[in-house]
Colleague: 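Sharing a structure with you now.
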Amino acid sequence: MHSVLVGSDSSGSVVLVDLDGDGVPGRRDRVSTADLPEAIAARERTVRPRWVWSDTSVWYPQLLAAGVRVDRCHDLRLCHTILSRTAAVRHHAPLREDPRWEAPPASASAAEPGDGEALFDYTGPGGTAREVPHDLDSALAEHARHLTALREAEADDPARARSLRLLLAAESAGGLIAEELRGAGVPWDVDEHDRILTEALGPRPQFDAKPARMQAVAEEVLRALGDPRAELDSPVKLVKTLRRAGIAVSSTSQWELQQHEHPAIGPLLHYKKLARLLTANGWSWLAAWVHDGRYRPVYVPGGAVTGRWASTGGGALQIPRQLRPALRADPGWKLVSADVAQLEPRVLAAMAGDRAMAQAAAGADLYSGIVATGAVSSRDEAKTAVLGAMYGGTTGASGVLVPRLRGAFPAAMGLVDRAAALGERGDVVSTWLGRTSPELPEPDAEADPERARRVSREHGRFTRNFVVQGTAAEWALAWLAFLRTRLAALPEDVEAPPATASGPVFARRAHPVFFLHDEVIVHAPASQAEAAAEAVRASAVEAGRLLFGNAPVDFPLDLRISERADKGAEKESPREGEVSV
DNA sequence: TCGCATAGCGCG
DNA sequence: AAAGCGCGCTATGCGA
């Protein structure tokens, strides 16, 4: 595998270094920053190397803006995070010798005010690294450490090392995809968003006034409480107000409010919904995050310890279903939306090689399949039981239902129970491909045995979930990486009106625009929507094979091609307190 | 006036 | 006031 390492030099130029199969540096090419995109494009057209660089979120945006897509990379920052913790590597000390590689992604700090303009300035005030180093020598040294770690893993356990390499490749692909998603942006219909807001809240008010309809609901609450001065926006004051009105609450959460019968409760819950919509995704959100018809959140690949992505700025992980209709394809384009049905329990069945659970997962709905085994008597029970199994539920309905799952699916339950037991006694656990959980901070002295027990149980629930959530994240990453490759292989559409707002790389071709744990949305020229949908399906199959070989577990998709991604409309609304997986 | 913790709720 | 995991964001309240 041919690699080319990219790093800056002291004069502000960029150096490309060819690396041979063993990572030994060879020919060097020095180019100016301005010439970098063409230098990379040239090699991308010929040898298609794996690009080794400090941080994809620093190097890739300028390439995308110049119309250059790269096929693959090794992101030193992302891979460092994995390697410096994975149990597949015995000696972590060398990887920790340069602490600058522990710095957060540049894109995350760039979202903060007062950031430096200099592309390669990685030292913040006080000398603390706020970005990983981007210079050639640091990158060469770090890459050498990665190769050493991988060779060690290889010597210890070749199969495990192979998984680890897959993980590093997938994680790095995630880095590329995150920037591509940001570069293309989610096609966003501002007028539709405004319609939704206006219908719910009333017309956009001048200045900071409360929207009219929201104001009307607020007044309804005040009347029902018989308290014209009640403050609805402060939980602390609201609790006191409610108590004065004879509603005995200790918080203002929806869950607790719903337990009470009072004419103010209905309008108050309504008010809280409206207030949430206004503050989280109202007109100011629109002004801040949607420009030129594109919503561009900042994704943080590997931002959660489990390997799931996080986001910073823009709230990509929490776009309310209510606003999904605002997600709309450009004219002449379509959206291909797909999500995996019950990804996590399917992943668990595959990891554990649990034949009975795989059998239950054979249909489109795993929960119905579990009912069919006779372990539980309804789909709701199946869901509660499965969630309890993966999250560590011990009380209430889970407390009754989870043990029944233990009888029906001993292998799957054994896997999560073992993960929990390891976590409780302070050991680390690893995902299928080798991402390893962080150490338990400190098992506490005898100072507070009560607290020590609680902390260790909490950690057990965390590690129980870590192996499943983390492996599901790996599946999703593989899905996305295959999809990215398949879409790039589709011919450009020269007939459809170009999606110029998506940038030069994607204006004429299908590209992913949204990713959320187990869900992906592709923006495709109408003529290629079917081909894109097929790519989404095929990639899911490929991801399953890559991780689990021929394990008899499939990953069925809910997929649709449309102009608007308003799938929330036809799905049943989730029940209270329910988490769908 | 600022930074930080908390409450609450959106998403999976 | 969720039970039972993982996130981000806003407004509020409090202390410095």
Side-chain angles (χ1 to χ4, degrees), chain A residues 108 111 208 231-239 248-260 268-269 271-282 284-285 288-289 297-324 339-345 348 383-402 416 419-420 423 429 437-438 457-473 476 514-520 568 574-581:
Chain A
D208 289 339
E231 292 190 47
L232 307 185
D233 298 320
S234 161
V236 174
K237 291 175 184 167
L238 185 54
V239 167
V249 292
S250 59
S251 83
T252 68
S253 71
Q254 290 179 49
W255 187 91
E256 191 173 357
L257 291 174
Q258 275 162 2
Q259 311 302 111
H260 294 84
L268 178 55
L269 290 170
Y271 176 83
K272 285 165 72 80
K273 287 265 185 264
L274 298 184
R276 165 80 193 186
L277 178 62
L278 176 67
T279 58
N281 297 100
S284 39
W285 180 89
W289 292 103
V298 181
Y299 289 100
V300 184
V305 281
T306 56
R308 271 190 176 184
W309 288 16
S311 76
T312 166
L317 276 57
Q318 46 195 132
I319 299 301
R321 292 184 158 274
Q322 191 180 3
L323 289 180
R324 286 300 179 93
D339 66 87
V340 194
Q342 305 108 24
L343 174 59
E344 292 190 357
L348 172 57
K383 204 161 177 170
T384 301
V386 167
L387 293 174
M390 295 189 305
Y391 294 164
T394 53
T395 63
S398 325
V400 178
L401 296 169
V402 171
V416 287
V429 297
S437 66
R457 274 197 304 271
E458 279 170 5
H459 198 249
R461 288 197 299 274
F462 165 68
T463 51
R464 169 190 292 273
N465 187 246
F466 181 94
V467 295
V468 180
Q469 187 185 116
T471 303
F514 188 70
F515 170 57
L516 185 56
H517 308 319
D518 65 352
E519 172 184 5
V520 65
R575 277 165 292 281
E576 281 314 311
E578 176 182 87
V579 181
S580 47
V581 174

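Letters A, B, ... mirror the listed sequences (proteins, then strands); counts begin at 1. Here the structure is a predicted model, which means the values were calculated and not measured.
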Colleague: Expressed as a whole number of angstroms, how long is the span from A:Tyr391:OH to C:dA2:P?
Modeller: 16 Å

Colleague: With DNA chain C as reference, determine whether A:Ser253 or A:Ala304 sits nearer its 5' end, using the nearest nucleotide of each.
Modeller: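 Closer to the 5' end of DNA chain C: A:Ser253.
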
Colleague: Would you call A:Glu519 and A:Arg324 a salt bridge, using N to O less than 4.0 angstrom?
Modeller: yes

Colleague: Nearest of B:dG12, B:dG8, C:dG8 to any side-chain atom of A:His517?
Modeller: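 That would be B:dG12.
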
Colleague: Figure out the CG/C1' separation between A:Leu277 and C:dT10, and round it to whole Å.
Modeller: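 Result: 13 Å.
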
Colleague: How close or far is atom C1' of C:dA3 from atom CH2 of A:Trp255, stated in whole angstroms?
Modeller: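 That distance rounds to 9 Å.
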
Colleague: Choose from C:dC5, C:dC7, B:dG8 the nucleotide whose nearest atom is closest to any side-chain atom of A:Asn465.
Modeller: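 My answer, after comparing the listed nucleotides, is C:dC5.
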
Colleague: Are A:Glu344 and A:Arg308 close enough for a salt bridge, meaning some N to O gap below 4.0 Å?
Modeller: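 The answer is yes: the pair qualifies as a salt bridge.
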
Colleague: Strictly below 4.0 Å: does A:Gln318 bring a side-chain N or O up to OP1 or OP2 of B:dG12?
Modeller: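 No, A:Gln318 has no side-chain N/O under 4.0 Å of OP1/OP2 on B:dG12.
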
Colleague: Pick base, sugar-phosphate or nothing for A:Val249, based on heavy-atom distances below 4.0 Å to the nucleic acid.
Modeller: nothing

Colleague: Measure from CG on A:Leu278 to C1' on C:dT10 and round the result to the nearest Å.
Modeller: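 It is 11 Å, rounded to the nearest whole Å.
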
Colleague: Under 4.0 Å, counting only non-hydrogen atoms across every strand here, what does A:Gly399 touch: a base, just sugar-phosphate, or nothing?
Modeller: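 Counting heavy atoms under 4.0 Å across all strands, no contact is made by A:Gly399.
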
Colleague: Distance check needed: B:dG12 P versus A:Asp518 CG, whole Å only.
Modeller: 8 Å

Colleague: Under 4.0 Å, counting only non-hydrogen atoms across every strand here, what does A:Gly396 touch: a base, just sugar-phosphate, or nothing?
Modeller: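 No contact.
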
Colleague: Given the structure, check if the side chain of A:Arg308 and the base of B:dG12 hold any donor-acceptor pair shorter than 3.5 Å.
Modeller: yes

Colleague: Using a 3.5 Å distance criterion without hydrogens, assess whether the side chain of A:Thr312 forms a donor-acceptor pair with backbone atoms of A:Val298.
Modeller: no

Colleague: Return whichever of A:Lys237 or A:Glu458 has its heavy-atom-nearest nucleotide of DNA chain C closer to the 5' end.
Modeller: A:Glu458

Colleague: To the nearest 0.5 Å, what is the distance between CZ (A:Phe462) and OG1 (A:Thr306)?
Modeller: 7.5 Å

Colleague: Specify the separation, in whole Å, of atom CD1 of A:Ile319 and atom P of C:dT10.
Modeller: 11 Å

Colleague: If I take atom OH from residue A:Tyr299 and atom CZ from residue A:Phe515, how far apart are they, to the nearest 0.5 angstrom?
Modeller: 8.5 Å

Colleague: Any idea which of C:dG4, C:dA1, B:dG12 is nearest the A:Gln469 side chain?
Modeller: B:dG12

Colleague: For B:dG12, take OP1 and OP2 only and decide whether either is under 4.0 Å from a side-chain N or O of A:Arg321.
Modeller: yes

Colleague: Let me confirm one number: the NZ-CG distance from A:Lys383 to A:Leu401, rounded to the nearest 0.5 Å.
Modeller: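 Rounded to the nearest 0.5 Å, the NZ-CG separation comes to 14.0 Å.
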
Colleague: Kindly express the pairing pattern of DNA chain C in dot-bracket notation, using | wherever a base pairs with another strand and counting only Watson-Crick or G-U pairs under 3.5 Å.
Modeller: ....||||||||||||

Colleague: If you check the A:Ser251 side chain, which of C:dA1, C:dC9, C:dT12 turns out closest?
Modeller: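 Closest of the options to the side chain of A:Ser251: C:dA1.
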
Colleague: Can you tell me how far C1' of B:dA7 sits from CG of A:Leu238, to the nearest Å?
Modeller: 12 Å

Colleague: With P as the reference atom in both, quote the distance from B:dA7 to C:dA2 in angstrom, rounded to an integer.
Modeller: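 Pairwise P distance, B:dA7 against C:dA2, rounds to 10 Å.
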
Colleague: So A:Thr252, base contact, sugar-phosphate only, or nothing? Heavy-atom distance under 4.0 Å.
Modeller: sugar-phosphate

Colleague: Please classify the nucleic acid contact of A:Gly392 as base, sugar-phosphate, or nothing, using heavy-atom distances under 4.0 Å.
Modeller: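 Touches sugar-phosphate only.
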
Colleague: Whole Å only: how far is the CG atom of A:Leu274 from the P atom of C:dT10?
Modeller: 18 Å

Colleague: Base, sugar-phosphate alone, or nothing: which one does A:Ser398 contact when heavy atoms must sit under 4.0 Å apart?
Modeller: base

Colleague: Nearest 0.5 Å please: distance from the CD1 atom of A:Ile319 over to the CH2 atom of A:Trp289.
Modeller: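 The distance works out to 10.5 Å.
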
Colleague: Does a side-chain N or O of A:Thr394 approach OP1 or OP2 of C:dA3 to a distance below 4.0 Å, or not?
Modeller: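 For A:Thr394, the contact criterion (side-chain N or O under 4.0 Å from OP1 or OP2 of C:dA3) is not met.
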
Colleague: Mind checking the NZ-OG1 spacing from A:Lys272 to A:Thr252? Nearest 0.5 Å is all I need.
Modeller: 3.5 Å

Colleague: From the list B:dC9, C:dC5, C:dT12, which nucleotide is the closest neighbour of the side chain of A:Phe462?
Modeller: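 Closest of the options to the side chain of A:Phe462: C:dC5.
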
Colleague: Run A:Asp339 and A:His517 through side chain to side chain contact (heavy atoms under 4.5 Å, CB included) and show every step you take.
Modeller: CA-CA 9 Å; A:Asp339 66 87; A:His517 308 319; over 6 Å; no

Colleague: Please measure how far the C1' atom in B:dG8 lies from the corresponding atom in C:dA1, and state the result in whole Å.
Modeller: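 Result for the C1' pair: 12 Å, nearest Å.
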
